[in-house]
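One structure, pasted below without further comment.
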Amino acid sequence: MSPNRQSIADREPCPWRIIDDVGGAFCMGAIGGTIWHSVKGFKNAPTGGRTRGALTAVKARGPVLGGAFAVWGGLFACCDCTITAIRQKVRLSYIYHF
């Protein structure tokens, strides 16, 4: 592994990892929700007010999708930290490690 790459074991300790993962998931969901709901609002708005319809849809539904992503990110981080605490070792492979 090159010295520039950060490994999974070098991440924040568990209480702060949960907060970090929740924040990252919220940002990802809010950005994705902004893109998704702006296109959806633009498409469903009447011809004269498409830009206003896109902005209204983003303001109404973008943060909701961000919050949903944050909940899933927090749930995953809590489960990951719980498994790490029970097993007393860091999981390096999330796919093949049982």
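Residue numbers start at 1 and run along the sequence shown.
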- Query: Looking at Ala57 and Gly41, what are the two nearest heavy atoms and their distance?
  - Reply: CB-CA, 3.8 Å

- Task: Would you name the heavy atoms of Val58 and His37 that are closest together and state the gap between them?
- Result: CG2-C, 4.0 Å

- Note on the structure: Interatomic distance, SG@Cys81 vs CH2@Trp16, rounded to 0.5 Å, equals 12.5 Å

- Message: How long is the straight-line distance from CG of Leu65 back to CD1 of Ile35, given to the nearest 0.5 Å?
- Response: 11.0 Å

- CG of Leu75 to CD1 of Ile18, rounded to nearest 0.5 Å, is 10.5 Å

- Message: Testing the basics here: between Ala54 and Ser38, what is the closest heavy-atom pair and its distance to 0.1 Å?
- Response: CB-O, 3.4 Å

- Note on the structure: Scanning both residues in full, the closest heavy-atom pair of Gly73 with Ala25 reads CA-CB, 4.0 Å

- Message: If the test is side chain to side chain contact (heavy atoms under 4.5 Å, CB included), which one of Asp20, Asp21, Ile19 qualifies with Arg17?
- Response: Asp21

- Note on the structure: Value for CZ (Arg87) from CD1 (Ile83), rounded to nearest 0.5 Å, stands at 8.5 Å

- Examine distances only and state if a side-chain atom of Arg50 and a backbone atom of Ala45 form a donor-acceptor pair shorter than 3.5 Å. yes

- d(Phe26 CZ, Ile31 CD1) to nearest 0.5 Å is 10.0 Å

